[in-house]
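The structure appears right after this line, and notes come after that.
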Amino acid sequence: MLTELLQGSDAGGFLIIRDSASYSGRHLLKSFINAALNREEAVHVLGFEASEEELKDELKGSPVQRLHFHNAYSDPLGWTDQPAFTVHQFCLEELTRLVKQTSHPKPATLVIDSLSWILRHLSPPAVCATLHQLRKGGAVRAIIALLHGDMHQRGTVGSVCHLASSVITVAPGMKGGDAVAKITKRSKSGKVVQDEDIFTINNDLTVVVQSKHSQLGPKQADTEEQEIDPTAHLTFNLRLSNKEREAKEKLALPFVFSKEKKTALLHSSPGSGRILYEPDANDDYDQEDPDDDLDV
């Protein structure tokens with residue numbers, strides 16, 4: 001699935017590359033920029049964490065004339081008199097104005113390097129609202145953002161990733177140059193597809209997928225293997241043996257009536273006990289005079 005995402009077939013999508021301190025996703029982000037340039041797309045980069053020189057130095061051989069770098073690296077907070085781009089300009093109006101400055105027939109691809117820098121200085125609801133408006137506005141063809149997942153709270157990362165149509169979580173592989181990409185893709189119909197690729201990135205920023213393992217939905221097998229038995233280390237036994245289970249099934253409970261007990265209660269047999277009552281003289285009273293028993 002990583003190769004499919006690099007081809008850029010998902011128009012109007014929002015892709016997040018989620019990395020951590022153990023493995024940087026910036027090389028994969030540059031591979032997506034290189035792939036978009038080779039498709040003759042205009043690419044606008046909001047550079048907060050890397051300079052324009054560093055980016056173009058690794059994009060040698062790519063058609064960088066369609067690359068538009070908006071410098072937020074030198075003065076991201078606007079401390080100087082004339083900053084190029086600041087974090088406070090991350091709103092729908094400013095981003096639409098930047099993208100429409102270039103005269104390119106095709107909608108541009110917006111690259112954010114990185115979204116973590118913006119989330120540190122703007123509220124997550126405001127950032128999510130801007131990203132949602134960009135996706136629906138039609139000013140950009142696609143949004144690709146780098147997110148450092150271990151820099152934010154879990155709720156913030158979950159909210160941003162919920163907006164994305166595809167999330168690539170990168171981690172180091174078993175070998176030195178390998179990396180693992182765990183991909184979650186949401187289609188417009190609501191179907192969620194998960195994929196896991198092992199890849200390497202060449203010097204020309206091309207991505208080579210070495211192996212692939214696909215599945216739909218969560219990994220149920222791994223979850224079952226990791227389940228822990230809560231009764232493993234108890235000092236008493238919560239389970240019954242076969243002999244104890246048979247004895248339990250044969251036990252007659254006091255509140256359960258068997259067939260024989262029901263028959264004995266409903267049908268009296270000959271010679272069963274009877275109650276004989278002989279009325280006493282005091283019991284004989286006149287029904288017409290209810291006060292006859294009163295000593296008046």
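Being a predicted model, the structure only gives us computed values, none of them experimental.
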Would you say His132 has more than 12 foreign heavy atoms packed within less than 6.0 Å of its NE2? no
From CA spacing to verdict: side chain to side chain contact (heavy atoms under 4.5 Å, CB included), Gln133, Cys91: CA-CA 9 Å; Gln133 292 169 356; Cys91 60; over 6 Å; no
On a heavy-atom basis, which atom in Ser165 and which in Gly13 lie closest, and how many Å separate them? OG-CA, 3.5 Å
Could you give all pairs that pass the side-chain hydrogen bond (donor to acceptor under 3.5 Å, both in side chains) test and reach residues 110-119, with sequence neighbours left out? Arg26-Asp113, Glu49-Ser114, Ser116-His152
Whether Phe85 and His70 hold their rings parallel, tilted or perpendicular, with breakpoints at 30° and 60°: tilted
Going hydrophobic residue to hydrophobic residue with side-chain gaps under 4.5 angstrom, can you get from Val193 over to Val170? yes
Show the nearest heavy-atom pair for residues Ile168 and Ala181, with the distance to one decimal. CG2-CB, 3.8 Å
Determine the minimum heavy-atom distance between Ala36 and Val43, stating which atoms define it. CB-CG2, 3.7 Å
Are any side-chain N or O atoms of Glu244 and backbone N or O atoms of Ser241, one a donor and one an acceptor, separated by less than 3.5 Å? yes
Taking every non-hydrogen atom, the tightest pair across Lys30 and Leu59: O-CD2, 4.1 Å
Between Asn71 and Glu52, is there a side-chain donor-acceptor contact under 3.5 Å, judged purely by atom types and distance? no
Please check if the number of heavy atoms outside Gln101 that lie under 6.0 Å from its CD is greater than 12. yes
Identify whether the distance between the nearest side-chain nitrogen and carboxylate oxygen of Arg97 and Glu94 falls below 4.0 Å. yes
Shortest non-hydrogen separation from Leu119 to Thr156 and the atoms involved: CD1-CG2, 4.2 Å
Mark yes when over 12 heavy atoms from residues, nucleotides or ligands other than Asn202 sit less than 6.0 Å from its CG; otherwise mark no. yes
Go through the structure and list residues passing salt bridge (Lys or Arg N to Asp or Glu O under 4.0 Å) with Glu40, not counting sequence neighbours. none
Under the salt bridge (Lys or Arg N to Asp or Glu O under 4.0 Å) rule, collect the residues that match up with Glu41, sequence neighbours excluded. Arg39, Arg141
Check the pair Ile198, Val209 against side chain to side chain contact (heavy atoms under 4.5 Å, CB included), reporting the backbone distance first and the verdict last. CA-CA 6 Å; Ile198 299 177; Val209 178; over 6 Å; no
Work out which heavy atom in Asp178 is nearest to a heavy atom in Gln210; give both atom names and the distance. OD1-NE2, 3.2 Å
Selection residues 249-258 - residue pairs positive for salt bridge (Lys or Arg N to Asp or Glu O under 4.0 Å), sequence neighbours left out: none
With Pro172 via side-chain contact (heavy atoms from CB on, under 4.5 Å) - residues at least two apart: Ser22, Tyr23
Does any pair with a residue in residues 118-127 pass side-chain hydrogen bond (donor to acceptor under 3.5 Å, both in side chains), and if so which ones, sequence neighbours excluded? none
